[in-house]
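Written out below as structure tokens is the structure these notes cover.
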Amino acid sequence: MENSEIAKILWEVSELLEFKSENPFKIRAYQKAARNIEGLPLSLEESYKSGGIKALKEIPGIGEAIAEHIEEIIKTGDFKKRKELLKEFPKSFLEMIEVQGIGPKTAMLLLKKRGIDSIEKLEKAIKSGALKGLVGFGEKKEQNILQGITHKKKTIGRHLLSEAHEYADLIINQMGKIKEIDQLLAAGSLRRQQETIGDIDILATSKNPEAVMHAFVKLPQVKRILAQGPTKSSVILKNEMQADIRVVDPKCFGAAAHYFTGNKLHNIKIREMAVKLGLKISEYGVFKNDKQIAGKTEEEVFESVGLSYIPPELREGSDEFEAAKKGNLPQLINYPDIRGDLHIHSTYSDGANTISEIAEFAIKMEYEYIAITDHTQSTRVARGQTAREIIKELEHIDELNSSYKNFKILKGAEVDILPDGTLDYKDELLKELDVVVAAVHSRFKMKKDDMTKRICTAMKNKYVNIISHPTGRIIRRRPPYELDMEEILKTASDTGTYLELNSQPDRLDLSDVNCRRAKEMGILIAINTDAHTKETLYFMQFGVSTARRGWLEAKNVINTNPIAKLMKLLYAKR
DNA sequence: GCCGTTTTCGGCCCGACTGTTTTCAGTCG
Ligand SMILES: Nc1nc2c(ncn2[C@H]2C[C@H](O)[C@@H](COP(=O)(O)OP(=O)(O)OP(=O)(O)O)O2)c(=O)[nH]1
Ligand SMILES: [Mg+2]
Ligand SMILES: [Mg+2]
Ligand SMILES: [Zn+2]
């Protein structure tokens, strides 16, 4: 049982409890537990197996009751209380609150008074006028719900960080033309650089908020206005993304930026800390006896509760406060720390650019080195090369290198890890390479033990430097291979193998939480792009963002080193 | 339901916008 599955079950229970109008704090307790479990690097099932209920209760937000539920879920796949709740409310009913504007109260009213228990029935009911006369329902509400249903049908859920970035830049560019705006900031999950983004959150400061809102909702990208007030508006954009905007006075910028960056749990926790100190934190500032005492900058907000500045990528409402209090926050890696890219494809396999085109581009990016790592024979769809074919490429690289100074092209390959854990090239050939990146490209559905053994066997080969995209997940498309991540990490640590943080926006693999776990175990990470075109060498920024979310410092990442040190690290296993 | 360096009971973040409401509940950030 995966953590994500357990989290999903608990989240669903929180929704079921909402329908029953349970104590809102109890509902929040289930939601908190679910969120915390999602962000957990260790397998709950493994923790339970080794430490029982007691180990579960050590996780924040999990107490006696939820720990027992989790035990039951691990043992039977479900738990009694949930099964009972589900008898009352069918699955299709749960989906109703996913429609914008419908919450648990409205859904219950529709169920009780009209027997509506699915989005389909709701749509029919509105169109046939069956909701006329229902308390709290009028023409506008019906139309809003219909539009909400249409919107829901068109969207696929959360967006990749890269897509959201691009679109947010467009909007922010447009907003830059609004005269009344002072400062602009992309906030929310975008600023925290989460791997997926729910909506675009933008903060503006202005002395004339109404004028700003007026101009904002008239932007050409805006399709529909969900809400418009003087300090806050929400719209649906033409690409069906939602955008939320807040406008505040410049003297509130810090507090508003902090609020709008979140995440929610982080906000709640820092506000609780303020309450204990006799203060109040809101998006408008830090207040003592209704008098603003701070809030112009984010630093002031943190300082008011005795914390040093916490970078947005760490604001998850977990243990960042502890670190900030003790002054133990990491010196997070920055993009300019990166000196090269160790996983790139050229026209020798399925890349679009020649090695020299890639090299020229990398030099413009001020890199000191790159590794060309084309596919090997078993990955035929990606034009993987035989041993004979790659020899030509290696000679070509030698030739090119003689023409560069202060820049080096490393000879590499992205070598297939075959199902038995052996590699697609013989050791005699691997020996000729500077960088061996090893990866699984076939038989993704192997059993957990087999897949773990497969990758661990590969790590035990002394020529293997880096395991590429270690879990194989593709965001929104393919779940990770079944893996014992702890075993993988342990073997990486024992063998001195590096793990990749693949920067492709739909991979980001290792994920943020796994990076953090790897760091704790002393494993070094290679942040690579796996670029198949020279322009996508810029995907490095997403890798660095994810690394920052994983608390990584420059020293945890091998490709922040100058070439001489890097070469030493690459030859350390041999 | 969870939690505690004052607490094992009694708190639990704080605010904006909408629609249909004669004064605020519901939903959302
Ligand atoms: N204090 C407080 N702040 C909140 C609450 N809900 C949201 N926020 C703040 C923190 C969020 O990061 C920020 C933006 O809200 P969003 O719903 O857009 O969430 P966020 O961007 O974090 O994630 P997303 O990718 O959009 O799902 O607003 C809340 O209930 N209380
Ligand atoms: Mg957001
Ligand atoms: Mg938002
Ligand atoms: Zn690759």
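Numbered from 1 within each chain, the chains take letters A, B, ... in sequence-line order.
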May I ask you to evaluate whether A:K280 reaches the phosphate of B:dG15, defined as a side-chain N or O under 4.0 Å from OP1 or OP2?
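Answer yes for this pair, as a side-chain N or O of A:K280 is under 4.0 Å from OP1 or OP2.
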Give every pair of a protein N or O atom and an N or O atom of nucleotides 4-6 of chain B that lie under 3.5 Å apart, one pair per line with the distance.
none

Does A:R517 count as lying over the ring of A:W551, i.e. NZ or CZ under 6.0 Å from the six-ring centre, within 45 degrees of the axis?
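Here A:R517 fails the 6.0 Å and 45° test against A:W551.
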What string of B, S and - do you get for nucleotides 19-29 of chain B 5' to 3' if you count protein non-hydrogen atoms under 4.0 Å?
SS-----SSBB
Categorize [X] for me: base, sugar-phosphate, or nothing, with a 4.0 angstrom heavy-atom threshold over every strand shown.
X: A:K269; result: nothing
X: A:I62; result: sugar-phosphate
X: A:I270; result: nothing

Looking at the side chain of A:T231, which of B:dT18, B:dA16, B:dC2 is the nearest nucleotide?
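Output: B:dA16.
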Is the A:H266 to A:F321 ring centre distance short of 6.0 Å?
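Ring centroids of A:H266 and A:F321 are less than 6.0 Å from each other.
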Output one line per pair: protein atom, nucleotide atom from nucleotides 9-12 of chain B, and distance, for all N/O pairs under 3.5 Å.
| residue | atom | partner | partner atom | Å |
| --- | --- | --- | --- | --- |
| B:dC12 | O3' | A:E272 | OE2 | 3.2 |

Say you pick atom C1' in B:dC13 and the same atom in B:dC28; how far apart are they, in whole Å?
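Approximately 14 Å lies between the C1' atom of B:dC13 and that of B:dC28.
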Enumerate, atom names and distances included, each donor-acceptor pair closer than 3.5 Å involving a side-chain atom of residues 222-241 of chain A, sequence neighbours excluded.
| residue | atom | partner | partner atom | Å |
| --- | --- | --- | --- | --- |
| A:K223 | NZ | A:E240 | OE2 | 2.3 |
| A:R224 | NH1 | A:Q147 | OE1 | 3.3 |
| A:T231 | OG1 | A:R246 | NH2 | 3.4 |
| A:S234 | OG | A:D244 | OD1 | 2.7 |
| A:K238 | NZ | A:P220 | O | 2.4 |
| A:N239 | OD1 | A:M241 | N | 2.9 |
| A:E240 | OE1 | A:H151 | ND1 | 2.8 |

Name each donor-acceptor pair under 3.5 Å that joins a side chain in residues 57-66 of chain A to protein atoms two or more places apart or in another chain, with its distance.
| residue | atom | partner | partner atom | Å |
| --- | --- | --- | --- | --- |
| A:K57 | NZ | A:E64 | OE1 | 2.6 |

Only pairs at least two apart or in different chains count here, so list each ring pair (Phe, Tyr, Trp, His ring centres under 6.0 Å) that has a residue in residues 76-118 of chain A.
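Those involving residues 76-118 of chain A are A:F19-A:F89, A:F19-A:F93, A:H69-A:F79, A:F89-A:F93.
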